[in-house]
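Order of the sequence lines sets the chain letters (A, B, ...), proteins ahead of strands, with each chain counted from 1. Just so you know, these numbers come straight off a predicted model, no measurement behind them.
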Number of protein chains: 2
Amino acid sequence: MTVLPRRQQNRLNRERAILDAALKVFAAQGYSGASMDAVAAEAGVTKPTLYSYFPSKESIFQAMMLGKRDVMLDVFEHPSDQGMVADLLVFAWAYADTVMRPEMLSLARLIIGEVQRFPEIGRAYQASGPDHLLRGIMRYLDSQRRAGRLAFEDAELAAQDLWGLILSAPRTQALYMPDAQPDRASLARYIRNGLRVFLKAYSTAPGPDLTELEALQSAPTQQVNHDA
Amino acid sequence: MTVLPRRQQNRLNRERAILDAALKVFAAQGYSGASMDAVAAEAGVTKPTLYSYFPSKESIFQAMMLGKRDVMLDVFEHPSDQGMVADLLVFAWAYADTVMRPEMLSLARLIIGEVQRFPEIGRAYQASGPDHLLRGIMRYLDSQRRAGRLAFEDAELAAQDLWGLILSAPRTQALYMPDAQPDRASLARYIRNGLRVFLKAYSTAPGPDLTELEALQSAPTQQVNHDA
DNA sequence: GAATTTCTTTACTTGTGAGTAAAGCTTCAT
DNA sequence: ATGAAGCTTTACTCACAAGTAAAGAAATTC
């Protein structure tokens, strides 16, 4: 640990505080609706301080957005090695717990709402979030295909199918209705059904896999911790 | 046809012009970003005229949004009666041609972006668009189940699966990247794959249905006309 | 065709938000 | 400690946007 001079240390902390505040305020009010005074107040500083860290509202917005790139969990990087069905269940829950969190949904709404004015942000988010995750799913599905447990021609389509089956319905609903977030029971229903359909269409041994899925469903599922 | 007095006729026309202009401007700039002067200019009137039709910016926004409720096609109301696979293909294309149009995507972005400030609009849209359509799909799938061609327990889940398989991937991408709208060839790829997976998981006769699907795929698909 | 009513516009008021200049304070080097 | 440097604040400017008052134009009625 290099010991930074107190000034620079403070400066870094404040920059983070400002970006955190910007996320909160922009997510709640939208880009045009958010005022720099509100961001400053939320960050515990005053407006000119903001402008000593960033030259403009737009630059704060962009810095904040691009800084949030690595929020996405590398869900598919570390399979649990307890068999494909168990792996898929773990992945599905980890992913659901990530993208269905209220802050992530707010961020998604913000990006979608502003993407026509800030196209780069949409591209950056797409590349670092969904696309990155999709490649993870693809790698995993491919490994299962090589092991002879799945059969498909196009790994990308298969991965998109898995995503679409498991989470598109609850996520779409959550995007449109912030008040009515799905509870864990209905998430479980979506995940169970999605995996069932996916396995039926893609598994080389649908019967046994479905039996295994039924057996695992009663297992308790722990919520992923995100407070790190 | 009752002949309205010229005054009232003009008034109705102007109201429509204002709401159309509001849609354009709000969709392009967002609620906070749009100015009433811009709406007025787009509608070919001046600001006080706006305020003689609607009491406030918010009321224009709400009237415009709720007026757009019935845009959604009643795609699933009139099956083509050429067999389930052909029906599903027609439905899929009609739906794709509706929800993937740039204006519909802009509207969706606007709603998603503003839904935290206007929750009623999200609910209204969800009820009249997606939910309404889902019920149509459900009715159709149910009829096919009664006819013994499909097998499932929960029609709602089956309908959501169909939707998620066919359109969630391209639509999600289109929402995040307005510049990179998917072309018809890749839409066709999604639809083909989605139907294949759906039939494999839900059809009581997967083999024959898939053969039929292959046979139909080369058929020319006409784009739905929306200019009425 | 003139009077009346309704609608539309020109020309404002008021508030708010982005961005800044200059003064005051804190931290570090000597 | 004391002077110099940078950082933060108070107190502005300027521009733009929501909403309005009063004058002017158009249409309807007698």
Side-chain angles (χ1 to χ4, degrees), chain A residues 2-65 110 113-114 117-118 121, chain B residues 2-65 110 113-114 117-118 121:
Chain A
T2 37
V3 175
L4 284 182
R6 188 116 132 250
R7 275 235 193 87
Q8 286 182 40
Q9 189 62 260
N10 282 345
R11 203 165 169 85
L12 284 179
N13 286 339
R14 280 225 160 142
E15 184 167 329
R16 251 215 308 266
I18 289 173
L19 290 178
D20 287 352
L23 173 59
K24 260 196 202 167
V25 175
F26 281 125
Q29 319 273 339
Y31 177 75
S32 304
S35 80
M36 295 297 267
D37 291 279
V39 174
E42 180 72 36
V45 295
T46 52
K47 215 168 20 156
T49 304
L50 247 54
Y51 283 91
S52 88
Y53 285 82
F54 299 94
S56 69
K57 184 180 185 180
E58 202 173 313
S59 72
I60 288 190
F61 185 72
Q62 305 225 12
M64 181 269 282
M65 283 303 205
L110 178 60
E114 305 294 344
R117 233 174 323 170
F118 300 99
I121 284 173
Chain B
T2 37
V3 175
L4 285 180
R6 187 116 133 252
R7 275 236 191 85
Q8 287 182 38
Q9 190 61 262
N10 282 345
R11 202 162 170 87
L12 285 178
N13 286 339
R14 280 226 160 142
E15 185 168 326
R16 249 214 310 266
I18 289 174
L19 289 178
D20 287 353
L23 174 59
K24 260 195 200 167
V25 176
F26 281 126
Q29 318 272 340
Y31 177 75
S32 303
S35 80
M36 295 297 267
D37 291 279
V39 174
E42 180 72 37
V45 295
T46 52
K47 214 169 17 157
T49 303
L50 247 54
Y51 283 92
S52 88
Y53 284 81
F54 299 94
S56 68
K57 184 180 185 180
E58 202 174 312
S59 72
I60 287 189
F61 184 71
Q62 305 225 12
M64 180 270 281
M65 283 302 204
L110 178 60
E114 306 294 345
R117 232 173 325 170
F118 300 98
I121 283 173

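For the residue pair B/Leu110 and B/Phe61, the shortest heavy atom distance occurs at CD2-CE1, 4.0 Å. The heavy-atom pair separating A/Pro55 from A/Ser59 by the smallest distance is CD-OG, 3.2 Å.
Within the 4.5 Å cutoff, no side-chain heavy atoms of A/Phe26 are placed close to those of A/Glu114.
Regarding A/Leu50, its CG atom lies at a distance of 15 Å from the P atom of D/dC7, rounded to whole Å.
Remark: B/Lys57 is not positioned above the aromatic ring of B/Tyr51, lacking an NZ or CZ atom under 6.0 angstrom from the ring centre and at most 45 degrees off the axis.
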Whether each nucleotide of nucleotides 8-20 of chain D has a protein heavy atom under 4.0 Å at its base (B), only at its sugar-phosphate (S) or at neither (-) is summarised, 5' to 3', as SBB------SBBB

With side-chain contact (heavy atoms from CB on, under 4.5 Å) as the criterion, how do B/Val45 and B/Arg14 come out once you've worked through the C-alpha distance, each side chain's angles and the decisive distance to 0.1 Å?
CA-CA 9 Å; B/Val45 295; B/Arg14 280 226 160 142; 3.7 Å; yes

